[in-house]
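The sequence lines fix the lettering, A, B, ..., with proteins before strands; numbering per chain opens at 1.
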Amino acid sequence: MDYDFRAIENKWRKFWAENKTFKVSEDTSKPKFYVLDMFPYPSGAGLHVGHPLGYIASDIYSRYKRLQGFNVLHPMGYDSFGLPAEQYAIQTGQHPAITTEQNIARYRDQLDKIGFSFDWDREVRTSAPEYYKWTQWIFIQLFNSWFNPKSNKAEHIDSLVAIFEKEGSNGVNLDQLTGDIEKDMIPFTANEWKNYNEKKKLEILMNFRLAYLGESYVNWCSALGTVLANDEVVNGVSERGGHPVERKLMKQWSMRITAFAQRLLDGLNEIDWSESIKETQRNWIGRSEGCSIKFKVKSEELRVESDVNIESIINENSPLSALHSPLEIEVFTTRPDTVFGVSFVTLAPEHDLVAKITTPEQKAEVEAYVEKAKNRSERERQADVNTISGVFTGSYVEHPFTKLPIPIWVGDYVLVGYGTGAVMAVPGHDERDFKFAKHFGIPIKQVIVPTNDSHDMDKAAWVEKEGTIINSDFLNGLSVKQAISKSIEEITKNGFGKGRINYRLRDAVFGRQRYWGEPIPIFYKDETPYALQESELPLTLPEVDKYLPTEDGEPPLARANNWKYQNANEYELSTMPGWAGSSWYFLRYLDPKNTSEFVSKDKVDYWGNVDLYIGGSEHATGHLLYARFWTKFLFDRGFIPFDEPFKKMINQGMILGRSSFVYLVIGENKFVSYSLKDNLVCAPIHVDISLVDNDKLDIEGFKKWRPEYTNAEFICEEDGTYICGYEVEKMSKSKYNVQTPDELVEKFGADTLRMYEMFLGPLEQTKPWDTKGINGVFNFLRKLWRLFHDANGNVAISEDQPTKEALKTLHKTIKKMTDDLDRFSFNTGVSNFMICVNELTDQKCNNKQILQELIIMLSPYTPHISEELWVKLGNASGTISTAKFPVFNEEFLVESAFDYPVSFNGKMRFKVNLSLSLNPKEIEELVLALEESHKWLEGKAPKKVIIVPGKIVNVVI
RNA sequence: GCGGAUGUGGUGAAAUUGGUAGACACGCCAGACUUAGGAUCUGGUGCCGAGAGGUGUGCGGGUUCGAGUCCCUCCAUCCGCACCA
C-alpha cells in the first residue's frame with residue numbers, strides 16, 4: 001500500500017476531534033507549559049501559507065513538550081472585533097457579526113486541515129458578549145484605579161479618596177500624588193475636599209483614574225470617522241487604509257499607560273524577547289533624563305494679577321503649568337549644561353501660553369501662523385521637516401541666571417505632545433535651534449569648546465556631549481558631563497526647576513467612534529461619567545439601522561433606539577479600540593467559560609503566564625505594550641500572580657511570495673521567454689503562479705487565463721518551453737502570487753506542508769515561498785513509509801535486537817532533535833530526520849525498537865503519518881501524542897577511532913584514521929611518518945604540531 | 001539621523017564552544033529501470049584548471065597554529081523609530 005496521505009489525514013483529524021485528544025485541564029501531577037499563538041483577526045481573504053508558519057512552529061513545540069510529560073495548554077481563538085467587518089457592513093448593510101461568523105468558519109476549516117493540536121474547547125472570540133463582558137469589567141477596574149507613585153503601583157481609587165479626606169492634595173507638592181503625570185490640579189485641603197459636591201469630587205478624581213475622560217490632542221482620521229492611537233498612525237496616515245490623519249483637540253477616553261512607563265521599561269530586562277522588539281519598545285517609551293527649567297515671562301502688562309480667578313484658567317484644561325503668577329514658561333531639556341547658551345525660547349503653536357503672551361503688534365502674524373500650523377496634517381508636517389518656519393511673539397522671558405531678556409518664538413518644530421511643549425533654544429549646540437537661529441538672524445552663543453579642532457561653529461552646531469564649558473559663569477571649565485549635574489544642582493537649589501525624567505510615550509486614546517467594538521460601560525448623569533456595576537455587564541452592542549456616524553457627526557451607537565441606562569441616562573457612544581480584547585485574551589483561555597470571574601484564582605495560579613508566545617513582530621508597539629500594561633495593572637490589583645504576560649517570545653518572519661512574469665513584446669500580442677527577452681523591447685507582466693511549474697509556463701493554460709491572450713504568440717527557448725522570470729515580493733492578490741495552504745494540503749497533505757514550512761529556513765527569518773522544494777519533503781515521507789513496508793507494500797517490521805549501527809543513527813538523531821527543538825531550530829530538525837531516514841534506509845533497518853522511537857520524535861512535525869505508523873507498529877490508537885520522547889544515551893555513540901583531518905599551515909590536506917586512545921605525542925609521530933606528510937613537508941622540519949584529540953591535527957611549517 | 005537585524009554555491013540553507021566551509025534539500029548533468037509515477041535507484045555538482053593544484057563565507061585590515069565564527073574600518077540590503085529638545 002502506498003502512502004495515502006488523504007485517507008490517513010482524514011482519519012486522524014476525525015479521531016482527534018472525536019476523542020478530544022488535546023483537551024487539557026489543570027493537573028498538579030504534571031508541570032504546566034503554556035504555548036500561545038497570536039490569535040488571528042478573521043479577515044475575508046482567508047489564510048495564505050505565511051499565516052500558519054508560526055502556528056506550525058508552536059504546534060510542534062507544544063507536541064514536543066507534551067511528549068516530554070508537560071501538561072500543555074495550547075489554545076486558539078479569534079480577535080473578532082475590527083474595522084474590515086464594519087467597512088463591509090457599511091457597504092453592504094450586512095451585520096458585522098454575520099461577516100465575522102462566516103470568516104471564522106472559513107478560518108477554522110483551514111486551520112483544521114493542518115492538524116493543529118489546539119484545545120478548541122477553550123476557544124475565545126473577543127466579539128462574543130460572554131467574552132467582552134470581562135473586557136468591560138477590566139475597563140471598570142481601570143476606571144476605579146489610580147497609580148500611586150509612592151507605592152509605584154496601581155491602587156483602588158478609594159485609597160486616593162482616603163488621602164484627600166485626610167490631608168487634601170498635599171498642597172503644592174502634587175508630584176507625590178501624580179508622579180508628574182498630571183499637573184493642572186488646584187491644591188485643596190482636606191476640609192475643602194469634604195465640602196466639594198459629588199460632581200466636583202468626581203471631576204478631580206478623573207485626573208487620576210487609569211481609564212479617564214480627558215481633553216487632549218488626538219489623531220483624528222476623518223475618512224474613518226474616528227480617532228486613532230499613536231501606534232495606529234504610520235508615517236502620518238492611518239495604518240488601516242492609509243487615510244490622512246490630523247491633530248485635533250478632543251475629549252476622549254484614554255488609558256494612563258504613561259504611569260507605567262518606567263515599569264514597562266524595567267520589565268523588558270526580565271523577559272526573553274528578541275532584542276529588536278525590546279529596543280522598539282524602549283524607543284517607543286523613549287525615556288530621557290534631563291531637567292525642567294522655568295523661564296519667567298518679562299512683559300509687565302501680561303503678568304497675571306494676584307486676584308485673578310485661578311479656576312478660570314484651570315477650566316480651560318491647560319495641560320501645562322500656567323497656574324502661578326507671574327506667567328512662566330517651563331521647558332524640558334536634556335542639556336541643562338548649555339543653559340547659558342540660550343538665545344531664544346520656542347513654543348509649540350498649540351501651546352496654551354501663545355495667545356496669552358503675544359503682544360498686540362505681533363497678534364495678527366502669530367495667529368495666522370498658529371492657524372496654518374494647526375491645519376497642517378501630520379503627514380504634511382513630517383514631509384516638510386526641512387522647511388524652517390516660526391514667528392516672534394513680541395514677548396520676552398528672563399534668563400534665570402543672567403536675568404537678560406530672551407525672545408519668545410513660536411515654531412512648529414516644537415511638538416505640543418512632548419515634554420512641556422516648549423524648548424529653550426541653544427543654537428550653538430543643537431542642530432534644529434541652529435537652523436532656526438540662522439534663518440531668523442538670532443544670535444548664536446557658544447558655550448562649549450568642541451573637542452574636534454576642525455569644527456566650525458559658524459557652519460554647524462556642536463552637538464556632541466563632549467568638550468569644555470565656556471561663557472557660563474559657574475559652569476566654566478567643567479566637562480559637559482560635570483556641567484550637566486552641576487547645572488541641575490544649581491537650578492534646583494534656586495527653584496528654577498528640577499531634574500526630571502521625560503517619556504516619549506503618550507497616554508493611549510481608548511475611544512473609537514465606531515460600531516464594531518466593545519461598548520464602553522459608562523453612562524452620564526449630570527454630565528458626569530459613571531461606570532456600570534459588575535452585575536450590569538455585559539453592556540451589549542445595540543442594533544442600529546446603519547453603521548455610519550449620524551448626520552450630526554455622532555458615533556454609530558447614537559443611532560440605537562431607546563438605548564439608555566435604566567431608560568434615563570445616556571450611555572457613552574464610543575466603543576473600545578481593537579487592542580482592548582487582545583490585551584488580556586491569554587488570561588481568558590485559562591478559564592474560558594467562567595461566568596462569575598474573568599479568570600478564577602485557582603486556574604491562573606496553576607497555569608501562570610505564557611511560557612512561549614509566537615507571533616509577528618508587527619505588534620511591537622501596539623498589542624505587546626498594551627498587554628504588558630494591563631497585566632501589570634491586574635497584578636497590582638491582586639487579580640493575577642505575575643506582572644509580565646509573555647515570558648519568552650519568538651517572532652516568525654514573513655513569508656514572501658514568488659511572483660512569476662511573462663514578457664510582453666511592446667505593441668504585439670507576443671510573449672518572449674526569459675532568456676531571450678533582452679533582445680526585444682518588452683514589459684514584464686505578472687502571471688498567475690498556478691500556471692507556472694518550475695518557471696515553465698503552461699502555455700495552453702495561459703491562453704485560457706484571459707480572453708486577450710487566446711491568440712497570443714510565444715517566442716520560446718530552444719527546447720520549445722517558455723521560461724518565466726520571477727521576483728520575490730509580498731503575497732498579494734494583485735500580484736497573482738498567493739499560495740493557500742488548502743491547495744498544498746490537497747496536493748501533498750498536511751504533514752508535508754507542516755514539515756516543508758519548517759524546512760524553508762530559520763523561523764524568525766523573512767524568506768521567500770517557493771513550492772519547488774516541497775517535493776523533497778514529500779519524497780522524504782514516502783521514503784519513511786517505505787521503511788515500514790516491504791516491496792509489495794505490506795507492513796514489514798522486525799522484532800529483532802537492533803544493530804549497533806542503527807542504534808547509533810537513532811541516538812545521534814535523538815541528541816540533535818532535542819538540541820534543535822530546545823533552541824527552536826525547526827529547520828535543522830527536518831534535516832536531522834532526513835539524514836536519519838537516509839541512514840536507516842541504507843542500513844535496511846526495519847527494526848521496531850528503532851522505528852518506534854523515530855516516529856515519536858517525528859510526530860510533532862508530522863502527526864498524521866506518525867499516528868498511522870504508530871498503530872502499524874502494534875500500539876493502541878491515538879496515543880502517540882502522549883508517548884514518551886526518547887532519551888539520548890551517549891553509550892551508543894562511543895567511537896574507538898576518528899578520521900583526523902590533517903592540516904598544514906591551517907589548510908586541510910588529507911585525512912587519516914587513528915585510534916582515539918592515542919595520546920598527542922603518539923598521534924604526532926604517526927602523522928609525521930606518513931608518506932602524505934612528507935609530500936607536504938617538502939623536506940622541511942615542522943616548527944610545531946598542534947593536536948586536538950578527536951578534532952584536528954595541524955602541522956606548522 | 002538613531003536603533004535593530006542580515007550578508008555563505010544556480011536556489012532555500014547548515015556549520016550550537018574559534019578546529020574538515022557548503023550538511024540537508026531543490027535545481028541541474030550523466031546513467032539504470034520501464035513505461036508516465038509529480039516515481040525509484042546509481043554517480044556527479046562552490047569557482048578557476050585537462051591535471052597537479054589554486055582559490056573561496058559582502059570589502060579591507062587585525063588577533064591566532066587555525067577565523068564564516070573574535071576585534072577594527074568600510075559597503076550593501078531589510079525592518080523599526082524619527083523635528084523627542
Side-chain angles (χ1 to χ4, degrees), chain A residues 2 234-235 274-284 286-288 290 331-335 338 346 381-382 384-388 411-415 417-426 429-433 435-436 502-504 617-618 620-621 653-654 658 693-695 726 747-748 756 759-762 764-780 782-783 786 816 819-820 822-823 825 827-836 838 899-911 942-948 950-957:
Chain A
D2 264 356
V234 177
N235 294 328
S274 76
E275 209 38 52
S276 85
I277 295 258
K278 287 195 197 179
E279 270 308 305
T280 305
Q281 291 214 345
R282 286 189 191 110
N283 219 310
W284 191 259
R287 177 189 156 108
S288 52
V331 303
F332 172 74
T333 179
T334 56
R335 297 297 302 275
T338 63
T346 314
R381 210 161 146 167
Q382 281 181 13
D384 207 16
V385 162
N386 291 323
T387 311
I388 293 146
D412 70 359
Y413 78 95
V414 179
L415 307 174
Y418 183 77
T420 59
V423 301
M424 60 175 222
V426 184
H429 306 285
D430 180 277
E431 209 183 310
R432 292 148 310 174
D433 297 344
K435 282 187 192 159
F436 196 91
N502 199 50
Y503 299 93
R504 201 185 73 99
S617 55
E618 68 273 16
T621 53
M654 203 186 351
R658 189 179 190 274
D693 188 20
N694 257 341
D695 290 337
Y726 74 90
K747 250 174 153 171
F748 299 99
Y756 184 58
F759 193 50
L760 277 177
E764 305 202 57
Q765 196 171 296
T766 301
K767 44 202 172 282
W769 177 261
D770 187 346
T771 316
K772 266 196 298 192
I774 201 165
N775 270 317
V777 171
F778 187 58
N779 290 341
F780 161 76
R782 293 166 21 134
K783 203 165 179 179
R786 284 200 298 274
K816 283 198 285 187
D819 286 354
D820 284 353
D822 286 342
R823 66 193 174 102
S825 180
N827 56 326
T828 52
V830 177
S831 67
N832 294 339
F833 289 130
M834 289 175 169
I835 293 167
C836 180
N838 287 345
D899 246 355
Y900 276 94
V902 181
S903 302
F904 288 79
N905 285 339
K907 286 205 191 323
M908 210 281 284
R909 294 305 182 180
F910 61 88
K911 284 184 194 171
K943 277 189 196 143
K944 199 172 170 188
V945 181
I946 311 277
I947 302 201
V948 184
K951 280 260 166 80
I952 52 112
V953 175
N954 188 20
V955 182
V956 186
I957 308 169

Checklist entry - With respect to the side chain of A/Ser276, which nucleotide from B/C81, B/G4, B/A85 is positioned closest? => result B/G4
Item to check | A/Tyr418, nearest nucleotide to its side chain (from B/A13, B/A85, B/U40) | outcome: B/A85
Checklist entry - Which of these nucleotides, B/G19, B/C65, B/U40, is closest to any side-chain atom of A/Lys944? => result B/C65
Next on the checklist: What's the closest nucleotide to the side chain of A/Thr334 if the choices are B/G4, B/A85, B/C83?
Outcome noted: B/A85
Checklist entry - How far does the P atom of B/A21 sit from the matching atom of B/G56, given to the nearest Å? => result 13 Å
Item to check | Span that lies between the P atom of B/U20 and that of B/G66, in whole angstrom | outcome: 15 Å
Checklist outcome for this item: RNA chain B in dot-bracket form (Watson-Crick or G-U pairs under 3.5 Å, [ ] crossing, | inter-strand) is (((((((..(((......[....)))((((((.......))))))(((....)))..(.(((..]....))).))))))))....
Checklist entry - Within the structure shown, what part of the strands sits under 4.0 Å from A/Arg287 by heavy-atom distance: base, sugar-phosphate, or nothing? => result nothing
Next on the checklist: Using the C1' atom as the point on both nucleotides, what is the distance between B/G68 and B/G22, in whole Å?
Outcome noted: 11 Å
Checklist outcome for this item: Side-chain contact check for A/Met908: nearest option of B/G80, B/G4, B/U20 is B/U20
Next on the checklist: Looking at A/Lys911 and A/Asp899, is there a salt bridge between them, counting it only when a charged N and a carboxylate O are closer than 4.0 Å?
Outcome noted: no
Next on the checklist: What's A/Leu760 touching, base or sugar-phosphate or nothing? Going by heavy atoms closer than 4.0 Å.
Outcome noted: sugar-phosphate
Checklist entry - Distance between the C1' atoms of B/G58 and B/G9, in whole angstroms? => result 15 Å
Next on the checklist: Heavy atoms only, 4.0 Å cut-off, all strands: where does A/Asp412 land among base, sugar-phosphate and nothing?
Outcome noted: base
Checklist entry - From the list B/C41, B/U40, B/C24, which nucleotide is the closest neighbour of the side chain of A/Lys783? => result B/C41
Next on the checklist: Using a heavy-atom cut-off of 4.0 Å across all strands, would you classify A/Phe780 as base, sugar-phosphate, or nothing?
Outcome noted: nothing
Checklist entry - How far does the P atom of B/U69 sit from the matching atom of B/G1, given to the nearest Å? => result 27 Å
Next on the checklist: Within the 4.0 Å heavy-atom criterion, would you say A/Arg786 contacts the bases, only the backbone, or no part of the nucleic acid?
Outcome noted: sugar-phosphate
Checklist entry - Just checking A/Asn779: base, sugar-phosphate only, or nothing, at a heavy-atom cut-off of under 4.0 Å? => result sugar-phosphate
Checklist entry - B/U16, B/A13, B/G80: which one has an atom nearest the side-chain heavy atoms of A/Lys767? => result B/A13
Checklist entry - So which nucleotide from B/A5, B/A14, B/C83 ends up closest to the side chain of A/Glu275? => result B/A5
Item to check | Sugar-phosphate, base or nothing in reach of A/Arg782, heavy atoms under 4.0 Å | outcome: sugar-phosphate
Next on the checklist: Give me the distance, rounded to whole Å, that separates B/G80 from B/U11 when you measure between the P atoms they each carry.
Outcome noted: 26 Å
Item to check | Contact summary for A/Gly906 and A/Asn954, nearest pair of heavy atoms | outcome: N-OD1, 3.0 Å
Checklist entry - Taking atom P in both B/G60 and B/G19, what distance in whole Å separates the two? => result 23 Å
Checklist entry - When we call it a touch if two heavy atoms are under 4.0 Å apart, what does A/Ile946 touch: a base, just sugar-phosphate, or nothing? => result base
Checklist outcome for this item: Closest to the side chain of A/Arg432, out of B/A39, B/C84, B/C24, is B/C84
Checklist outcome for this item: Of the candidates B/U16, B/G38, B/G12, the side chain of A/Arg823 sits closest to B/U16
Checklist entry - Taking CD from A/Glu431 and P from B/C84, how many angstroms apart are they, rounded to a whole number? => result 9 Å
Checklist entry - Using atom C1' of each nucleotide, how far apart are B/A23 and B/U45 to the nearest Å? => result 15 Å
